[in-house]
2 protein chains.
Amino acid sequence: MSNRKLNNYISVDCVIFGFDSEKLNVLVVDRTLKADDGSDEFSDLTLTGNHIYEDETIVEAADRILYDLTGLRNIYLEQFKTFAAPDRLKKENDRKWLLHDNRDPDKRIVSIGFFALLATQKVTLEWKGRNVRWMPVEEVGELGFDHNLILSEALVAMRNKLIHEPIGFELLPDKFTLSQLQKVYEIILDTTFDKRNFRKKVGRMKYLIPLDEKQKGVAHKPARLYMFSREVYEKTRKEILNFLV
Amino acid sequence: MSNRKLNNYISVDCVIFGFDSEKLNVLVVDRTLKADDGSDEFSDLTLTGNHIYEDETIVEAADRILYDLTGLRNIYLEQFKTFAAPDRLKKENDRKWLLHDNRDPDKRIVSIGFFALLATQKVTLEWKGRNVRWMPVEEVGELGFDHNLILSEALVAMRNKLIHEPIGFELLPDKFTLSQLQKVYEIILDTTFDKRNFRKKVGRMKYLIPLDEKQKGVAHKPARLYMFSREVYEKTRKEILNFLV
DNA sequence: TTGTGTTAGTGTTATTTATACACTTTTACA
DNA sequence: TGTAAAAGTGTATAAATAACACTAACACAA
């Protein structure tokens with residue numbers, strides 16, 4: 001084993017999940033570059049990442065990246081894992097991109113991985129003219145760098161969290177129906193729930209606040225709208241210790 | 001905001017928890033250094049950390065650190081969070097240590113935090129003559145760098161995991177009694193459980209294997225010994241989706 | 001050898017939660 | 001005014017949780 005200590009690049013990568021009431025999507029950056037002679041073009045899809053600046057904390061960097069891409073603040077954002085395999089930059093395309101960015105492709109890049117949750121409708125993709133787009137998680141093919149690994153670990157972490165804590169709300173608009181909420185869980189956990197039992201269960205959650213407001217313009221019985229109260233949740237969560245689940 | 005990209009030191013810090021059938025301990029390094037003239041001595045307590053070498057993955061570095069300090073391999077080890085506030089090295093003592101280690105105290109150090117779980121009895125502290133010792137988590141005072149923060153976040157992550165997944169076993173010897181297991185949960189979660197109900201609950205877990213073996217040399221009815229089967233656990237865990245806990 | 005201290009080990013009942021299952025209501029639109 | 005489409009609602013059975021107290025087996029001391 002070599003004993004050489006390394007200086008490393010640090011990057012914060014955000015796996016931004018967006019739910020569109022049909023499926024789970026992830027925000028990807030589409031990069032295409034032409035060589036000087038206009039011929040030797042290379043392109044790829046990646047997750048959204050950036051450096052940490054000198055006077056930033058990790059969370060500030062993640063918030064900034066999220067804001068740059070979506071124009072949104074106060075979005076659910078969680079650090080889930082850090083990645084730094086020495087050989088994570090082996091692909092030829094990756095090397096080209098690193099050189100293009102003035103980074104040494106033989107140097108390790110440490111990625112601090114975050115995942116964010118939001119409703120796709122909240123985002124205006126034209127924001128700042130960045131070339132980003134939603135891609136259904138099911139349809140994601142090969143990504144640049146080791147972003148397929150980061151995405152799949154983000155999915156594991158997100159599903160795990162979804163099972164144990166009420167974060168399904170974060171994937172919906174501020175006001176949502178119980179059917180929408182059920183669908184979030186069904187799609188992300190790839191299962192189905194009985195409607196009545198699901199409603200009994202979430203009905204016990206004090207932080208799920210029923211509003212005096214209904215859906216409008218739907219061609220069926222309009223559903224009551226609900227919202228999530230973070231305040232009530234923080235208050236009650238301490239009382240509930242789900243030993244050994 | 002400054003736009004200067006930084007190169008950063010990366011370190012892997014391990015919060016090594018050890019249970020001694022009475023309380024939860026953490027392994028700390030006691031460093032004392034004399035200045036050249038023998039007078040200007042400075043010392044501190046820190047968690048156990050080290051660099052990542054050039055050809056190592058993060059996990060390999062964490063395993064190596066754990067092995068260096070305890071002589072043990074195949075110990076439960078989990079990456080829980082990465083730390084990198086820009087002002088985390090403000091204490092005067094920290095600056096001295098960084099200078100002593102030939103590191104620039106104005107440069108950011110990114111710490112990738114792991115926690116490890118084991119029974120204190122497994123460790124021979126004299127291993128390699130490192131100056132480490134067990135300290136009850138309750139009694140930990142001020143640590144060097146931002147290690148108090150790292151420790152408290154490790155505790156949160158570990159308790160959280162303990163509630164949702166069967167990792168209590170990892171804090172016990174390979175063969176253990178049900179009373180010992182109960183005590184792990186009671187002490188770490190700071191609560192008490194009814195003995196019969198606890199046994200009914202863990203009795204349902206297929207991965208808790210009763211052995212045809214009893215305690216010896218105890219001045220009371222000897223308890224049956226059990227062991228944890230990771231195999232059985234991995235097999236059954238997929239079946240159990242604890243939706244919304 | 002007998003007694004004492006100490007922890008192991010076990011069952012029942014009442015309450016709460018989980019599961020399985022089908023019909024009526026309300027709206028938009030043709 | 002009929003039709004399509006999702007909303008909303010109750011009951012019965014099974015399973016899990018919670019509360020509660022005594023006997024069994026050993027080491028050691030008297």
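Because the structure is a prediction, the values reported are computed rather than measured.
- With no hydrogens or angles considered, no side-chain donor-acceptor pair links A/Asp44 and A/Thr46 at under 3.5 Å.
- Here the nucleotide nearest the side chain of B/Asn197, chosen from D/dA19, D/dA7, D/dA16, is D/dA19.
- Taking atom NZ on A/Lys201 and atom C1' on C/dT16, their separation rounds to 13 Å, with Å as the unit.
- Ring-plane geometry between B/Phe176 and B/Phe169 is classed as tilted, the angle between the planes lying from 30 to 60 degrees on a 0 to 90 degree scale.
- As a whole-Å value, the separation of B/His220 NE2 from C/dT6 P is 11 Å.
- More than 12 heavy atoms of other residues, nucleotides or ligands shown are found within 6.0 angstrom of NZ on B/Lys122.
- Taking a 4.0 Å limit (strictly below) on heavy-atom distances, residues 209-218 of chain A does not reach DNA chain D anywhere.
- The distance between atom CZ of A/Arg196 and atom P of C/dT25, rounded to the nearest whole Å, is 15 Å.
- Look at CG on A/Leu225: it is 11 Å from P on D/dA7, rounded to the nearest Å.
- Closest-nucleotide positions on DNA chain D for A/Ala219 and B/Lys221 were compared, and the one nearer the 5' end corresponds to A/Ala219.
- The existence of a salt bridge linking B/Glu170 and B/Arg230 is confirmed by a sub-4.0 Å separation between a basic side-chain nitrogen and an acidic carboxylate oxygen.
- A donor N or O paired with an acceptor N or O is found under 3.5 Å between the base of D/dA7 and the side-chain atoms of A/Lys195.
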Apply side-chain contact (heavy atoms from CB on, under 4.5 Å) to the pair A/Val232 and A/Leu208, showing each step before the final yes or no.
-> CA-CA 9 Å; A/Val232 178; A/Leu208 185 62; over 6 Å; no

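- Rounded to whole Å, the distance from CZ on A/Phe193 to P on C/dC21 is 17 Å.
- Against DNA chain D, the stretch residues 172-181 of chain A makes heavy-atom approaches under 4.0 Å through A/Ser179.
- B/Arg199 comes within 4.0 angstrom of a base, heavy atoms only.
- A salt bridge links B/Lys161 to B/Glu78: one of the charged nitrogens lies within less than 4.0 Å of a carboxylate oxygen.
- In this model, a side-chain donor or acceptor of A/Lys200 finds a partner on the base of D/dT11 within 3.5 Å.
- One can place OH of B/Tyr226 at 10 Å from C1' of C/dA8, the figure rounded to the nearest angstrom.
- The aromatic rings of A/Phe228 and A/Tyr233 sit tilted, their planes meeting at an angle between 30° and 60°.
- A/Arg224 comes within 4.0 angstrom of sugar-phosphate atoms only, judged by non-hydrogen atoms across all strands, and of no base.
- Taking a cutoff of 4.0 Å between a charged side-chain nitrogen and a carboxylate oxygen, B/Glu213 and B/Lys175 qualify as a salt bridge.
- Taking a cutoff of 4.0 Å between a charged side-chain nitrogen and a carboxylate oxygen, A/Arg73 and A/Asp63 do not qualify as a salt bridge.
- Here D/dT17 presents its P atom at 13 Å from CG of B/Asp194, a figure rounded to the nearest Å.
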